Amino acid sequence: MRLLRTTLIVLTCAALIAVGALAFLLQTHPDFLPMERPAQPKGNAVRMLFLGTSSMAWTDGKSTWLVDGFFSRHAVGNVLLSRLNVQEDRVLEVANEIFRRLEMPAALSGIVVAHSHYDHSMDAPFLARQFGGRVYGSQSTWQIAKGQNLPAMQMEVMQQGGVASLGQFDVKLVLSAHAPTGFTGGFNSQPVRLPAHALSFKEGLSYSFVVSHPAVGPAPFALIQPSAGFVAGQNKGLTVNTVFLGTGGLGKLDEQYIADYWQEMVVSTRAKKVYLIHWDDFTQALLEQGKPVALKPMPRLLDDFPRSFELLKMFSKRDDVDLQVLDGWEMVCF
Ligand SMILES: [Zn+2]
């Protein structure tokens, strides 16, 4: 009995130390200062406000839509040790700040969801219930929406891809792949009821988004690649000026993979501008006491952003492409 008790105490202590060490490592960030800032926008042009991970708000002065809209950004301890819920106050604060900065009414035309991991999909049903519009995503994302009681008429399942018409924007969902990070794969076959552990949100299908708007021209002008994965040839025949390039986990992958990713997303689309996204630690809030917080790179345990950034910088010089890292709340105008 005594031996059993001692063993249990030792095991509990070891588990606590392991969780403590993990939490510490997940809060150790590489030093990184984003380089120059993009110019602030003027007027009612097509604009994009970046919100960490692959979350973005787009507007043309008439309608507003989101990519993902993941604003809960739970603290690392909660992600490790608890089941997660939508942090409603935090999500609403961020959403209201978005509408304020875009000078747009608090209404959404829709939300396109990149894949069903919690850092992309979790807050979309809540945002759609609050601000209207449909959620566009895979069957796995539909299970997340069902778990939050989103009415069926506010969800459009895009299993094979397709086009979301969001005001005058056309956003084409293209089947792509997740970065090979070790957290990939699986489908949600049941509604994901909250609270749910981060690992309960299975990837489902991963999409890229191709954005068109008549004010920018008849052809697509931007490609959004939320996760640092690709399907060889997925962008065949596509030409865009701008790529929003996800880098999450890229720094841990080999140089050839990073070169192939760049080739597929940037060289093959003949893009001239690349903005890096999904490079940040999404356990840090976007606002603190109403003020924007500078994003930090993902912890070293999960990524090596300085390494992937150096490689991408090298490719961008070689290919004469303008490369920038987007900080939270930065706006890009088209
Ligand atoms: Zn993911």
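What you are looking at is a predicted structure, and each value in this text was computed from that prediction instead of being measured. Order of listing sets the numbers, starting from 1, for every ligand and every atom in it.
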Practice item. Return the number of protein N, O or S atoms with a distance to the Zn ion (ligand 1) smaller than 2.8 Å. Key: 3

Could you check whether [Y] and [X], counting side-chain N and O atoms only, form a donor-acceptor pair closer than 3.5 Å?
X: Asp319; Y: Trp262; result: yes
X: Thr247; Y: Ser308; result: no
X: Gln256; Y: Asp260; result: yes
X: His120; Y: Ser54; result: yes
X: Ser140; Y: Glu203; result: no

**Study point:** Ring centre gap for Phe209 and Phe244 strictly below 6.0 Å
**Key:** no

